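Take a look at the structure below.
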Amino acid sequence: MTEYLTILTFCLAGTLSGAIISLIPSLHIYNTAGIALILWTHIEGVIPYTAVAPFFLSLVVAYAFLNTIPMTLIGAPDESASVTILPGIKYLTLGRGFEATLAGGIGSLIGILFLSVAMPLIYVAMPFIHKILAPHMHAILMAVIVYMLMSEWPKGEGLGRTTWERFRQAWRNVFAGLVTFGLAGILGLIVTSRTLVSPDAGFQNIMPVFIGLFAIPGAIEKLLSRETIPPQHISSSVELTRGDIGWSTLQGVIAGGMAAYLPAVTAGIGGILAGHAVARRGDRLFIVSGGIAKVLYYVGAFLLLYCVTPLTPMGIGRGGLSIILKPVLQPLPRELPMMIGAILLSGCISFLLLIPSTRLTIRLLSRVHYHVLYWATLPLLVVLVVFITGWAGLALMLIASCIGMIPVFFHSRRSNCMAVLLVPIALNMAGYGDTILRLLGLD
Amino acid sequence: MKGLTHFISAIATASFFPQVVRMSATPGAQIDGAQSSFILALAGLYGIMPDTLDFKFGRFFETAEIDVYPDPRNPDAQAIADTLGSAMDRAIIENREIRIQFHTVQLSADHWRQYQIAFDAERQEVAVVIGPVVTTSQVAFAGTEPDNRVGIYRLKHARLKPGGARSTTVDIMSGPMYGFRPGQDHVLVDFLPWHRTWSHSYVVGAALALPLWPLALWMNWPSAWLYPLIAFLGFSTHVTEDLTGHMGGSLFWPFFRERTRGLCWFHAANPDSNFVTDYIAVTLILFNLDRFVTKLIPLSAPVFFLLFLIGPLLLYFLPRLVSTKPAPKARRQDSVQGVIEAHRRQAAQEELLDESESIVG
Amino acid sequence: MDRIADVIMSMANTPNIDETHCPGCGRFVGPYDTCPHCQSSLRHRISLKVFRWIAVGGSIIGLIILWIGLRIQEVPLLHAGQIDLQHNMATARFEGKVISVSTDDKKNSFRITLDDGTGLIMLMGHGKLSVFRKVLGDTFPRPGDTISAVGNISYSENYGLTAFIASPRRLTMLSRDEVIRKELGRITREDIGLIGRFDGTVVEVTPFAKGMTLRLQDPSGQQQLTVFHSELKRLEDTRIDQISKIGTTVRFLGRVDVYRNEIQLRLVEPADPGNLDVQPPAEPVSAPPVS
């Protein structure tokens, strides 16, 4: 009984902590989770071992729900949603930001329910799928890369007197996308070969890169923007039909499933692929499916670690939280029901917290310009990077920020920045790690 | 079909070759012939290539005789309709193809003027309706439509065939091109005349795939002959799949340049045909990867496909099979016709009013 | 006919909306330097351009500086005893004595246990054995060698402290442990733990459940070599069949071990071709027919 109460307490603590962290624009849960784990090892006994996984899982569940608020209301997407943010902003422009946030939250709730119901089936099927796909993972990731690059179409009108002028004008965004992908890929190859960051901060050596690629450019973009947030209506209902929920679930599960299982594929990239696969249009569909995909990406990926079967005796390690907790966690399949209980509890509480938090944020935004929030966040991010990874980390962050700004100023896909992981992982899995090190002269 | 559908279908086609599946495995996985090859991704690359050639390259090399740039501050619907209609008439009078490119109207970094182009075969008219200002997210600002927003041109020489022309909305990014050609007893309307021509030809596919052979030999890749074959099959899968649509393709360009009409089974963007094809392709890929390498699935092929293909697809269609509600109509088109009808009613009322005024006055 | 403007709209006398519109024709041009409609220069629009160039130029220059910085930077040395959770995923250098080497030809992988004086660390190479063998050749580590290796630390509850080595050039031999050649008859209890080169002819084979004991003989005497099936399974060549034949000559890298108080020899990394050589007995010369 004491153990049960302890786990329950830490689930609630994780949910509340996650909810607070989620409201800070551009701050990623994995950064704080990593720091929390290190703190835990230094003050062992504060969180008992049995409550470690439920605590961190609740933290991530709350993030998957409440991160929708800064994402929709002030346009601060994390790496998982940088391509699916547009419909939310559209709602915000129409004064329906509250409704969009709740629609995203409903999506996340559907995601939690889906995981709870489908987990037994996932437990049986995933080891087979994993064993079948694992030998070809490099080829699958390369296929994702090829599709991402090939499916970015020219956005320009193609104006001009000559063919070349029309071509150049239209290709601006495609070319910027290719450049972003290439530079991010090179950065990934370099930082995965060696890094400037001291080994003492090894656990967060990719943090400056991610903050640079996603958080800083997003913040700069918003600070340069002269747009104002129109008054938002607090609605008592959400415009959703049964059809919307059905199609969103299909799209969200495909997007989240891919993001949860495929290394370096985020919910955003999964969203592009799933959106094209389901081939249905509609902003509600995108918002709700985005909520589902986020839960599967952050939470579902971690639960795969508990698929401990004869085919996968070590589970299927996927997602950022698995990497963070790997040093202290030895998952056992019998703990899976407890984890499902934890995500259900944390998910429902997070949804309840989402409603007043959205109201509060809207009220705050009516009094404080969103620029102020970003001006407060930017130094916070810089201090965090310097504090954990030192000046070398700051240098890395600046380089990554420059790359992350290319899609912002050339209107290309931000998900191209994920090449920072996709390229090195795909090439290393194919066995080209040694060749790359030799070519870069970093062996 | 959509890009992803072509991409996955091409990979599914390649997965039927046991050697391809084994080549694409990592050597550490203890599989005979494993070479960490990216040949499956190559199939996908060639699978999406025909549309890439059109939309990323071909369209910029195709020029239109007439470019329509509506005035951003005072768009004139009648002038646009007159230009469109007279282009169709000219195609008949001059007995040649006339191409017309409609451009978008960008008002600021995030604002565009929407306008719609409609063809009415019943009345032998073309109409242009100026719409509201929209954002890049296609959010319309209500009340931003201009007063004289409808322009109608009655065709004088060209005759429209019912269903022979596709109406369209122009708002963000880029606008469409139409090609008008004289037909036997009516004008032939080609939507995006540069699309699915040379790029959707098996001959071009073979020509683009062949250079992979010397490249693979030069790179010393084992089974070098497979690379061009798989690339060609990926390309051909796309061309063949597109035959299920309305546009078809120029299958044997440059020998036969005419764009053949498709089987008209589905529209390219039809969600059901796209999703079902994607799902079948993924199931086939998984089945092939297992039967040629891992051999883990403890089910016979019929049971596997019954459980993982037929069953889920039945579930997909089940809600519509049991639903009694009629399928929703295309709302956008209805609204265009509605505006045109309202314009006609208003014009008739004004005419009546003028007449009555003249009688009374 | 000027194909740009079949439908020319009245652009005259309209004020310029803002700097994102062409001063020449008044149309929206976005972030461009030259109006795509009338080709007017738009040089006054520099603010966005500055950011664009900072983004592109900064990325390229930054990547170059980063690359140069990393090339000249020494990878820091870490000791197994000081490694903590915060070092997880760090790239670091380790120096120490090789305690054991385990290779798996089928999985193309190897595992080297290193003792750096403060603790043990496992160096792993998944799917890289063939590359390491090809590049390192005779300098592929053996127990007793002192090496330096650069690897990515992976700290896990399941596997403990591990470092993954990506390239053979990240493994340097600091000092090679000299392997002595010892005659079978001169092995004594004082040699227990010794790794050396031995050779002898198989004179007796005694199978047991999990392997076999081979009695080897050389001019100085006899000694028994214990071989387990699990060791033979890793050999992918004909050595598996030949080793158990009487008269076969076996040359191998071995370790002097003791089992139930009896000295026995054990193979050291037989999968490495340099560590085990098996020569079949010469064909018996047939006697001439007696008439």
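On a predicted model such as this, the values are computed, not experimentally measured, just so you know. Quick note on labels: first sequence line is chain A, next is B, and so on, each numbered from 1.
Of the atoms belonging to B:Arg291, not a single heavy atom falls under 4.5 Å from chain A. B:Thr277 does not touch chain A: none of its heavy atoms, backbone or side chain, sits under 4.5 Å away. Residue A:Met137 does not touch chain B at all, counting heavy-atom pairs closer than 4.5 Å. In this structure, chain A has no heavy atom under 4.5 Å from any part of B:Thr5. For B:Thr294, the part lying near chain A is the side chain, with the backbone staying farther off; criterion is any non-hydrogen pair under 4.5 Å. With a 4.5 Å cut-off on non-hydrogen atoms, A:Ile132 touches chain B through its backbone and its side chain both. Interface residue A:Leu273: backbone and side-chain heavy atoms are both found under 4.5 Å from chain B. Only the side chain of B:Pro298 comes within contact range of chain A, with at least one heavy atom under 4.5 Å from a heavy atom of that chain. Heavy-atom distances place both the backbone and the side chain of B:Lys56 under 4.5 Å from chain A.
Most heavy-atom pairs under 4.5 Å with chain B, from the set A:His276, A:Met150, A:His138: that is A:His138. Across B:Phe55, B:Tyr316, B:Phe141, the residue that shares the most heavy-atom pairs under 4.5 angstrom with chain A is B:Tyr316. Most heavy-atom pairs under 4.5 Å with chain A: of the set B:Tyr279, B:Phe7, B:Phe57, this distinction falls to B:Phe7. Annotation: maximal heavy-atom pairing with chain A below 4.5 Å, among B:Leu40, B:Val21, B:Asn270, B:Ile8, occurs at B:Val21. With chain A as partner, the option from B:Asn274, B:Thr52, B:Leu286 having the largest number of non-hydrogen pairs under 4.5 angstrom is B:Thr52.
Defined by atom type and a distance below 3.5 Å, a donor-acceptor pair is present between the side-chain atoms of B:Ser37 and B:Tyr227.
To the nearest 0.5 Å, atom CZ of residue A:Arg284 and atom CD of residue A:Glu99 are 8.5 Å apart.
Side-chain contact between B:Tyr46 and B:Ile230: absent, with no pair of heavy atoms (C-beta onward) separated by less than 4.5 Å. Within the 4.5 Å cutoff, the side chain of A:Leu92 has heavy atoms near those of the A:Leu73 side chain. By the 4.5 Å heavy-atom criterion applied to side chains, B:His103 and B:Val170 are not counted as neighbours. Side chains of B:Pro72 and B:His111 form no contact here, defined as non-hydrogen atoms less than 4.5 Å apart. Counting only heavy atoms from C-beta outward, the side chains of A:Phe410 and A:Asn173 never approach each other to under 4.5 Å. Contact check for A:Phe114 versus A:Ile292: no side-chain heavy atoms found under the 4.5 Å cut-off.
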Could you please spell out the steps behind the ring pair (Phe, Tyr, Trp, His ring centres under 6.0 Å) verdict for A:Trp171 and A:Phe167?
-> CA-CA 6 Å; A:Trp171 259 69; A:Phe167 185 75; 5.2 Å; yes

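Closest heavy-atom contact between B:Ala41 and A:Ala139: CB-O, 4.3 Å. Minimum interatomic distance between A:Leu262 and A:Ile140 (heavy atoms only, all atoms of both residues): CD2-CG2, 3.8 Å.
Counting heavy-atom neighbours within 6.0 Å of A:Phe175 CZ, excluding the residue itself, gives a total of 12 or less.
Residues of residues 245-254 of chain A lying under 4.5 angstrom from chain B, judged on non-hydrogen atoms, are A:Trp247, A:Leu250, A:Ile254 in numerical order.
A salt bridge does not link A:Asp283 to A:Arg96: none of the charged side-chain nitrogens sits closer than 4.0 Å to a carboxylate oxygen.
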